[in-house]
Asker: 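The structure under discussion is supplied below as structure tokens; questions concerning it will follow.
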Amino acid sequence: NSVASIGDYAFYGCSKLTSVTIGNSVKTIGNYAFTGCTELKSIVMPNSVKSIGDFVFSGCRKLTSVTIPDSVISIGNYAFAYCSKLTSVTIGNSVKTIGDSAFSGCGEITSVTIGNSVTSIGEFAFSGCGEITSVIIPNSVTSIGKYAFSNCKKLKSIEIPDSVTY
């Protein structure tokens with residue numbers, strides 16, 4: 001319980017890794033920490049995690065759902081990009097920024113819950129999430145990046161609050 005961070009590239013390409021349980025003392029998950037763990041099916045993140053770096057779980061093709069705890073403040077660029085089996089995403093209520101392309105190419109996502117502290121949704125954040133049918137943007141959001149929901153071909157309904165200025 002003394003590990004405070006998981007370093008950049010720590011488990012990069014560990015293609016046989018199937019599950020990850022992160023200890024309660026971990027505050028940051030470094031860039032590319034679990035990129036290319038193609039057999040990874042489940043992640044348990046404790047409420048101690050504050051930051052998810054860039055490309056952390058990118059390409060984890062068997063991951064089906066993710067719950068980002070309320071302790072997390074930022075989700076890095078491409079953090080969950082190309083997790084092709086990801087169907088459900090819940091973003092905690094302390095997250096302020098969703099990075100560029102954070103969930104891009106996750107073509108099976110049907111359900112996204114965006115926490116009520118998010119102020120910025122990055123460029124291409126949910127691009128190519130072709131199964132999303134509706135999105136509710138919370139009142140905390142002030143900016144939505146270019147192409148944030150591009151190629152979400154089944155998107156039928158989106159609620160954008162007056163707080164969005166860009």
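The structure presented is a predicted model; accordingly, all values stated were derived computationally and were not measured. One-based numbering along the sequence shown.
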Asker: Verify side chain to side chain contact (heavy atoms under 4.5 Å, CB included) between Ile132 and Val112, making sure each step is shown before the conclusion.
Answerer: CA-CA 8 Å; Ile132 295 175; Val112 176; 3.7 Å; yes

Asker: Asp100 side chain to Glu123 main-chain N or O, any donor-acceptor pair under 3.5 Å?
Answerer: yes

Asker: For the CD1 atom of Ile114 and the CD1 atom of Ile91, what is their distance to the nearest 0.5 Å?
Answerer: 5.5 Å

Asker: So do the side chains of Ile137 and Ile121 get within less than 4.5 Å of each other, counting heavy atoms only?
Answerer: yes

Asker: Of the options Ser48, Ser5, Ser74, which is the one that meets Thr28 in a side-chain contact (heavy atoms from CB on, under 4.5 Å)?
Answerer: Ser5

Asker: Could you give the distance from NZ (Lys96) to OG (Ser140), rounded to the nearest 0.5 Å?
Answerer: 8.0 Å

Asker: Decide yes or no on side chain to side chain contact (heavy atoms under 4.5 Å, CB included) for Val20 and Phe34, but give the supporting numbers first.
Answerer: CA-CA 9 Å; Val20 172; Phe34 297 95; 3.7 Å; yes

Asker: Could you pull out the closest heavy-atom pair between Ser71 and Val49, with the gap in Å?
Answerer: OG-O, 2.6 Å

Asker: Out of curiosity, does Ile6 fall in the hydrophobic cluster containing Leu17 (side-chain heavy atoms, cut-off under 4.5 Å, transitive links)?
Answerer: yes

Asker: Return yes if some donor-acceptor pair links the side-chain N/O of Asp70 with the main-chain N/O of Ser94 below 3.5 Å, else return no.
Answerer: no

Asker: Spell out, as yes or no, whether a donor-acceptor pair under 3.5 Å connects the side chain of Ser84 to the backbone of Cys106.
Answerer: no

Asker: Just how far is it from atom CD1 of Ile52 to atom CD1 of Ile68, taken to the nearest 0.5 Å?
Answerer: 4.5 Å

Asker: Given 3.5 Å as the limit, does a donor-acceptor pair link the side chain of Ser117 with the main chain of Asn93, or not?
Answerer: yes

Asker: Does Asp54 use its side chain to pair, donor to acceptor, with the backbone of Asn77 at less than 3.5 Å?
Answerer: yes

Asker: Enumerate donor-acceptor pairs with a distance under 3.5 Å from any side-chain N or O in residues 155-165 to protein atoms, sequence neighbours excluded.
Answerer:
{"from": "Ser163", "atom 1": "OG", "to": "Asn139", "atom 2": "O", "distance (Å)": "2.6"}
{"from": "Ser163", "atom 1": "OG", "to": "Val141", "atom 2": "O", "distance (Å)": "2.6"}
{"from": "Thr165", "atom 1": "OG1", "to": "Thr142", "atom 2": "O", "distance (Å)": "3.3"}

Asker: Of the options Phe149, Phe80, Tyr147, which is the one that meets Phe126 in a ring-ring contact (aromatic ring centres under 6.0 Å, His included)?
Answerer: Phe149

Asker: Where is the tightest heavy-atom contact between Ile98 and Ala125, given as atom of each residue plus distance?
Answerer: CG2-CB, 4.2 Å

Asker: Give the cluster check for Leu40 versus Tyr78: same hydrophobic cluster or not, with ILVMFWY residues linked at side-chain heavy-atom distances below 4.5 Å.
Answerer: no

Asker: Tell me whether Tyr12 shares a hydrophobic cluster with Val3, the cluster being built from Ile, Leu, Val, Met, Phe, Trp, Tyr side chains joined at under 4.5 Å.
Answerer: no

Asker: Taking the side chain as every heavy atom from C-beta outward, state whether Ile29 and Met45 have any atom pair closer than 4.5 Å.
Answerer: yes

Asker: I'd like to know if the side chain of Thr113 and the backbone of Thr90 have a donor-acceptor N/O pair within less than 3.5 Å.
Answerer: no

Asker: Please confirm whether the backbone N or O of Cys37 pairs with a side-chain atom of Ser15, one donor and one acceptor, at under 3.5 Å?
Answerer: no

Asker: Following the transitive rule for hydrophobic clusters with a side-chain heavy-atom cut-off under 4.5 Å over Ile, Leu, Val, Met, Phe, Trp and Tyr, establish whether Phe103 and Ile136 coincide in one cluster.
Answerer: no

Asker: Can you tell me if Ser143 uses its side chain to pair, donor with acceptor, with the backbone of Ser120 under 3.5 Å?
Answerer: no

Asker: Check whether any side-chain heavy atom of Ile73 sits under 4.5 Å from a side-chain heavy atom of Val95, and report yes or no.
Answerer: no

Asker: Phe57, Phe124: one ILVMFWY side-chain cluster at the under-4.5 Å cut-off?
Answerer: no

Asker: Tell me, please, which residues at least two apart from Tyr82 pass ring pair (Phe, Tyr, Trp, His ring centres under 6.0 Å).
Answerer: none

Asker: Can you tell me how far the CZ atom of Phe55 sits from the OG1 atom of Thr35, to the nearest 0.5 Å?
Answerer: 7.5 Å

Asker: Mind checking whether Thr38 and Lys16 have side chains closer than 4.5 Å, heavy atoms only?
Answerer: no

Asker: I'd like to check the side chain to side chain donor-acceptor pair (under 3.5 Å) partners of Lys62; sequence neighbours left out, ordered by chain and number.
Answerer: Glu39

Asker: Please report the shortest heavy-atom distance between Arg61 and Lys85, naming the atom on each side.
Answerer: O-CG, 2.8 Å

Asker: Closest approach of Gly76 and Ala102, non-hydrogen atoms and distance?
Answerer: O-CB, 3.8 Å

Asker: Do the side chains of Val118 and Thr97 get nearer than 4.5 Å, heavy atoms only?
Answerer: no

Asker: Measuring from atom CG of Leu63 to atom OG1 of Thr18, what distance do you get when rounded to the nearest 0.5 angstrom?
Answerer: 11.5 Å

Asker: Heavy atoms only: give me the nearest Gly7-Ala33 pair and the separation to one decimal.
Answerer: O-CB, 3.8 Å

